[in-house]
Every structure is written in C-alpha cells, then in structure tokens.
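Structure, as structure tokens:
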2 protein chains.
Amino acid sequence: MRPEGDDAVADTTGRGTGRGAATRALILAAALEAFAESGYRGTSVREIAARCGLTHPALIYHFPTKADLLLAVLERRDEDGPLEGLAADRVLARLVETVGANQSRRGLIELFATLSAEATAADHPAHAWFARRYANLVATLTRAYAELAETGELRPGVDPGVAARRLVAVMDGLQVQWLLDPEVDMVAGVAAQIAADRG
Amino acid sequence: MRPEGDDAVADTTGRGTGRGAATRALILAAALEAFAESGYRGTSVREIAARCGLTHPALIYHFPTKADLLLAVLERRDEDGPLEGLAADRVLARLVETVGANQSRRGLIELFATLSAEATAADHPAHAWFARRYANLVATLTRAYAELAETGELRPGVDPGVAARRLVAVMDGLQVQWLLDPEVDMVAGVAAQIAADRG
DNA sequence: GTCTATATAGAGATAGAC
DNA sequence: GTCTATCTCTATATAGAC
C-alpha cells in the first residue's frame, strides 16, 4: 500500500516517489518559511525539521545537505509560468500582476530579497541559480522593450537593455523598502517605472 | 605617553580615547571587509579578530558584542557628507557621483546589499539604522523631485514621492546585479533613471 | 590593553537501531 | 522512513592571568 497516491513532487535525490513524497513537500514548505524569515545562513536545518515535526536526521534523509534543500526550494519556484513566449505588453502586465500577488506573501519576498543579496558571493550554493535567473529576466525584458521601441512605444533615447535592468532593479529595491515599511506600494512603483520608460 | 595623538575615532563603549583608539580603527576596517564578504550573520568575530592580528577576546574588549561592532561600522559611514542641505540638481548629481565612487569598492557594496536585506528582519541589530537611513534618503529625494516639479523640470504625471522611492530602489537593485555581473554599469543605470523622470 | 583558557550553545553531518 | 545518540566544528561570551 502506497499512501502517497499520484503526488507529483519533484524528487532531486533520485529516490523515486515513495511515501516520502508528502514529507518532502512538507519540508519544502517549512524550509521556504524558515529561509524567508532568517535567510539561508541564519536558518538551521534543525529549525526547519522542528517546524514540520521531524528531527534533523529525518530531514537529512530527504535532502542530504542544507544546500540541496535550498536548491530544491528554488527549483520549485521555477515552475511558475514563464514570461519567455509572451508579447511585450503581456510580459509587462504579467510582471505587475506578479508583484501584486507577491505582496500578500511576505515570506516569499523576504526569501528572495535576502537570498539574492547573499547569493552574490561566488561560493554561495544559490549563486548560479540567481545568476541564471537575472540573466533570463533581463534578457526577456530587454526583448520586450526592444519590441516596444520598434513600434515607437518606448520613449526616445531609452536603451532597452538599460531600461530592462532598471526595471528589474526597481522590483528588487522596492521589495526591501516594502519589507522595512509595508506602506510602500510596490505595484504603484513598478507600474510607474514602466510608464516612465514607455512613450 | 599616549601614542594615538589626536585620533578621533568614535567611541561607543565610553572608554575614552586611550591607546585602544588605533586598535579600534583597525578593527572597524577589518570588520567592514569581513561583513562585506560574508554578511553579518555569516561572519564570526574570531575571523574579524584574526584579520587584524588580534584574538577574539581582545576584540571583544573593544566591542562587547558583535552587534555593537556592526553598529560602530555603520555609524562610521554616517560621517559621509549629507545631502540634506543641497539644491535638487546638486542632490541628484552627488548621488550619481557616489555610485561611481562606490563602483571601486566592491566590499562596501556587498556589505550594504547583504545587510539591507538581512536587516529587514525586525529583530536584526541594524534594523533601526536601515529604517532611518531609507526614510531620510527617500525624504531628501522626494524634496529634490518636488523642487524640480515646481519649475516644470519633472515629467508631467510623475509623483515626486514615488519617483524618489524608485530611484533609491534602482540604486539598490543595480548593486545586486553589478555584484553578480561586473559588466553592469551602475552609473549609467542611475543616470538613465533620473533622466527618465526629468523633463 | 591583550592574552590563554574555558563555558555554553548551536551548527551540519553521520552511524546504526527500529 | 524516522528515530536516538553522537561526532566534529564553530559560534558568542566570560574569567582571570599578565
């Protein structure tokens, strides 16, 4: 009897989808929360284990190292709908929607704000993941802005590549300001940023 | 005989300016470096002590706790020339200059990028410092943009307060991107940001 | 003012029982 | 699949010698 049914959690350890699949999902949720509150370095594997009623070795059985656990959390977020295929208008609209949706998930914002700064260190376990993430995002937004420029919808003199980096920067920077002061309106900020560069 | 001469290092422990003043300056420099490389949580007091040829207890004599050391490092940077008194044009020009100057001090950028994210946690020792810093910076830039708006030098429809927050966000966000990829031009990005909101 | 030595707590990770 | 018990390392901080 296998109680997990048709559970479909990604398995990075290659152990298949045994009974542990549900436990793995539990662990990933707890890890997301914990990393979000204290960052990667500030969180202990024991604390994550305690959050889901496990002991430290039990967790380690599923994710051999702390770094493996972090990468599993990050890879899980990669499943979010990609922006790559969309038209320029849709890409920018989706970006604003995402910011609005995230505004109700403080933990997620904390995780990415903390981690993206931590992970600038070359030896950080999530370094490659963030480098790839930023490169992809900037490339996608550069293409969107370039598309706007072709039809004259980008303000003259605005460089699509620089504007794309600035847009990503505004999203990141407003997250920190919002974490320090929840009165800050991230959606308004990002929308204003896009409006400033469009014609 | 007091070898420190007219040394003027801030003394947060209330021990006066005895021989230790030179040692304190040495410690602060090493702490800045170390915090910059590994963040506050990722740095041990022992490592900072080792960097300046001291033992851990010797350092603790000067700065009773790790948090005291961090705050002393931050307060030391408060001595940088303030923006408050300047005219709008000068404020914005100085901002771009500062970004350019910082581009040669990777350690400083790492410190602030890492810490500003870490310090969003309410119980972080530098939380109050960063909350104050952002409030001051946004207030100063809001005033500068409002001044531009009065003389019609701000693009119509741009809210000075929102634009100020976006400018601060761009500076912060570009730092992370620059840390991940030194090809990123922070000066060009910040200059473009200001140009996008001005008339 | 700086040291050695130590207390205490917590980290990540492993071995082996059940 | 999860546990107890333990290893090893490192952390912050203190006591007291010099």
### Query
Can you name the residues that form a side-chain hydrogen bond (donor to acceptor under 3.5 Å, both in side chains) with A/R51, not counting sequence neighbours?
A/E33, A/E37, A/E47

### Message
Quick check for you: among D/dC3, D/dG1, C/dT14, whose closest atom lies nearest to any side-chain atom of A/H62?
### Response
D/dG1

### Message
Side chain of A/P57 only, heavy atoms from C-beta on: which candidate in D/dT4, C/dT2, D/dA13 is closest?
### Response
D/dT4

Whole angstrom is fine here: how far is it from [atom1] in [X] over to [atom2] in [N]?
| X | N | atom1 | atom2 | value |
| --- | --- | --- | --- | --- |
| B/R41 | C/dG10 | CZ | P | 15 Å |
| A/R24 | D/dG1 | CZ | C1' | 13 Å |
| A/K66 | D/dT10 | NZ | P | 15 Å |
| A/L54 | D/dT2 | CG | C1' | 8 Å |
| A/L59 | C/dT14 | CG | P | 14 Å |
| B/D68 | D/dA13 | CG | P | 9 Å |
| A/F63 | D/dG1 | CZ | P | 13 Å |
| B/I48 | D/dT10 | CD1 | P | 16 Å |

### Polar pair under 3.5 Å, donor/acceptor by atom type, side chain A/R46, base C/dG10
no

### Query
Heavy atoms under 4.0 Å, any strand shown: does B/S44 hit a base, just sugar-phosphate, or nothing?
sugar-phosphate

#### Entry: Criterion salt bridge (charged side-chain N to carboxylate O under 4.0 Å, His left out) on B/D197 and B/R166, from CA distance to verdict
CA-CA 10 Å; B/D197 283 324; B/R166 283 166 45 229; 3.2 Å; yes

Short side-chain N/O contact from [X] to OP1 or OP2 of [N], under 4.0 Å:
| X | N | result |
| --- | --- | --- |
| A/Y61 | D/dT2 | no |
| B/T23 | C/dG1 | no |
| B/H56 | D/dT14 | no |

### Query
Which residue, B/I109, B/T114, B/L108, forms the side-chain contact (heavy atoms from CB on, under 4.5 Å) with B/F112?
B/L108

### Ring centres under 6.0 angstrom apart (A/H124, A/F130)
no

### Message
Tell me whether the count of non-hydrogen atoms from other residues, nucleotides or ligands lying under 6.0 Å of CD in B/E183 goes above 12.
### Response
no

### Task
To the nearest 0.5 Å, tell me how far B/Y61 OH sits from B/T55 OG1.
13.0 Å

#### Entry: Worked verdict on A/R165 versus A/D159 for salt bridge (charged side-chain N to carboxylate O under 4.0 Å, His left out)
CA-CA 10 Å; A/R165 286 212 175 274; A/D159 179 280; over 6 Å; no

### Message
Expected output check: what is the dot-bracket annotation of DNA chain C, where ( ) and [ ] are pairs inside the strand (brackets for crossing ones), | is paired with another strand, and pairs are Watson-Crick or G-U under 3.5 Å?
### Response
||||||||||||||||||

